[in-house]
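A quick write-up on the structure given underneath.
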Amino acid sequence: DDGHFILVRGRMEIETRNNVVTPTSGWRIQAWYERGVSDDVAPVTLPVDVRSPIPTFRNYTFNRIWFDARKYARINAISRVNLRLLGGGWIAGDPLPVQRRLSLGGPDILSGYRFRSQTCAPAGFADAAQTALCDRMLAAQAEIRFRFRLPLREKLASQEWLLLERLIGRDYADIVLFGDMGKAWLTGDGPGRIPNSRLPVLREFSYDAGIGLDIDGLAVYLATPVGRAWDPRLTLRLLRRF
């Protein structure tokens, strides 16, 4: 949506992790509050199933929140459990602009599903860009990591090991068992919407599970939806999941 626009953001953060790169204990909690105001909008036309028309005859104002809470804990010398809860979206005011709308699906959250598998697009709405159209989103992630030493130094010749060490730079790796759940939705009254005062019930969420090999951020993961047909997806990452 075009026009003169002011976005005011407030942020809160709590950081108690023992290591910001490879944490094994502590919390990281972040929260944002956004308030957008404009007196000159040229709204993008969206289906009325997604949002009511943005007002052009008065100041346009919306309010949005976002939170991301992560907990890291050591089980024993070789295993750790990590948990994450995140979500947010519209909380008050006029409908959200296209740029602040949400979706779910893809490598970061719900990696067992295709990119933006949840966009809240109504039936028959064609958009090659797969634009995010949801008002709110809620997701949770859990993983158990098992640390082990890579038995490569003893298996390889010295020159081969030096070359591999330059590429991966580590002697240790993690086997990661993980599961995710998430839901993105339109809020309000009407068919296909969830009332403003309610969260989705558990049966409305999508779930996935998988396994991965993580060498301090350089990782490969295999995930598939839970409760649906076997449909595995492979993800390569250069950063930890969270």
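Given the structure is predicted, the values throughout are model-derived calculations rather than measurements. Residue indices begin at 1 and follow the sequence shown. Just so you know, these numbers use all the heavy atoms, side chains as well, and skip hydrogens, waters and symmetry mates.
- Between the OG atom in S111 and the CZ atom in R237 there is a gap of 8.0 Å [rounded to 0.5 Å].
- Pairing each heavy atom of T224 with each of A229, the nearest pair is OG1-O, 4.4 Å.
- For the atom pair F205 CZ and L110 CG, the distance stands at 10.0 Å (nearest 0.5 Å).
- Evaluation of the salt bridge (charged side-chain N to carboxylate O under 4.0 Å, His left out) test over residues 124-137, restricted to residues two or more places apart or in two chains, returns R101-D135, D135-R193.
- Of all the heavy atoms in G105 and S117, the pair that sits closest is CA-OG, 3.8 Å.
- Side-chain N or O atoms of R116 include none that pairs as donor or acceptor with a backbone N or O of Q118 at under 3.5 Å.
- Residue V21 is found in a hydrophobic cluster whose other members, listed by chain and number, are V20; membership requires side-chain heavy atoms under 4.5 Å apart, directly or through intermediates.
- Note: L46 CG to L96 CG = 11.0 Å, rounded to the nearest 0.5 Å.
- Applying the ring-ring contact (aromatic ring centres under 6.0 Å, His included) rule to pairs touching residues 217-242 yields F178-Y221, sequence neighbours excluded.
- A heavy-atom distance below 4.5 Å is found between the side chains of R51 and V98.
- Taking 4.5 Å as the limit, some side-chain heavy atom of W90 sits within range of a side-chain heavy atom of N196.
- Although no hydrogens or angles enter the test, the distance criterion places no donor-acceptor pair under 3.5 Å between the side chain of T119 and the main chain of S103.
- Residues satisfying the salt bridge (Lys or Arg N to Asp or Glu O under 4.0 Å) criterion with R240, sequence neighbours excluded, are absent altogether.
- Listed by first and then second residue, the side chain to side chain donor-acceptor pair (under 3.5 Å) pairs that reach into residues 74-89 are T24-R74, D68-R84, N76-S79, R80-D174, N82-E143, R84-Q141, sequence neighbours excluded.
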Report task. Please test L199 against W185 for side-chain contact (heavy atoms from CB on, under 4.5 Å), starting from the C-alpha separation and ending with a verdict. Result -> CA-CA 10 Å; L199 294 176; W185 69 95; 4.2 Å; yes
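- Connection of I75 to L83 is established within a shared hydrophobic cluster, with ILVMFWY side chains joined at heavy-atom distances below 4.5 Å, either directly or through further cluster members.
- Both I211 and F146 belong to a single network of hydrophobic side chains, linked directly or stepwise wherever heavy atoms of I, L, V, M, F, W or Y lie under 4.5 Å apart.
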Query - Candidate pair F148 and I175, rule side-chain contact (heavy atoms from CB on, under 4.5 Å), full reasoning - result: CA-CA 8 Å; F148 70 98; I175 294 292; 3.6 Å; yes
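- Expressed to the nearest 0.5 Å, how far CG of L186 lies from CG of L133 amounts to 7.5 Å.
- Pairs of residues two or more places apart, or lying in two chains, never qualify as ring-ring contact (aromatic ring centres under 6.0 Å, His included) while including a residue from residues 97-127.
- Applying the ring-ring contact (aromatic ring centres under 6.0 Å, His included) criterion to Y207, with sequence neighbours excluded, gives no partner residue.
- Evaluation of the salt bridge (charged side-chain N to carboxylate O under 4.0 Å, His left out) test over residues 222-231, restricted to residues two or more places apart or in two chains, returns D231-R233.
- Expressed to the nearest 0.5 Å, how far OG of S25 lies from CG of N18 amounts to 3.5 Å.
- Minimum interatomic distance between A173 and L213 (heavy atoms only, all atoms of both residues): CB-CD1, 4.0 Å.
- The nearest pair of heavy atoms linking A219 to D214 is CB-CA, 3.6 Å.
- For residues 6-22, the pairs satisfying salt bridge (charged side-chain N to carboxylate O under 4.0 Å, His left out) are R9-E34, R11-E13, E13-R28, E15-R17, E15-R28, with sequence neighbours left out.
- Among all heavy-atom pairs drawn from C134 and A184, the shortest one is SG-CB, 3.6 Å.
- Between the CD1 atom in I109 and the OG atom in S206 there is a gap of 12.5 Å [rounded to 0.5 Å].
- Remark: the backbone N or O of D180 is paired with a side-chain donor or acceptor of D208 at under 3.5 angstrom.
- Apart from I14 itself, the hydrophobic cluster it occupies contains M12, W27, I29, where clustering links Ile, Leu, Val, Met, Phe, Trp and Tyr at side-chain heavy-atom distances under 4.5 Å.
- Put simply, the side chain of Y60 does not reach to within 4.5 Å of the side chain of D40, judged on heavy atoms.
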Query raised in the report: Step by step, would you call V41 with T56 a side-chain contact (heavy atoms from CB on, under 4.5 Å)?
Result: CA-CA 6 Å; V41 297; T56 58; 3.8 Å; yes
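- Closest heavy-atom contact between D49 and P122: OD2-CB, 3.7 Å.
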Report task. List the steps, then state whether side-chain hydrogen bond (donor to acceptor under 3.5 Å, both in side chains) holds for D94 with T61. Result -> CA-CA 6 Å; D94 294 312; T61 303; 5.0 Å; no
Report task. Determine, step by step, whether L202 and M181 satisfy the side-chain contact (heavy atoms from CB on, under 4.5 Å) criterion, reporting the C-alpha distance in whole Å, the side-chain angles of both residues, the deciding distance to 0.1 Å, and the verdict. Result -> CA-CA 9 Å; L202 291 178; M181 59 181 289; 3.8 Å; yes
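- For the pair Q99/V44, no side-chain contact is recorded, criterion being any heavy-atom separation below 4.5 Å from C-beta on.
- V201 pairs by the side chain to side chain contact (heavy atoms under 4.5 Å, CB included) definition with R198, R203, E204, not counting sequence neighbours.
- Annotation for Y33: hydrophobic cluster partners, listed by chain and number, are I65, I91 (ILVMFWY side-chain heavy atoms under 4.5 Å, direct or chained).
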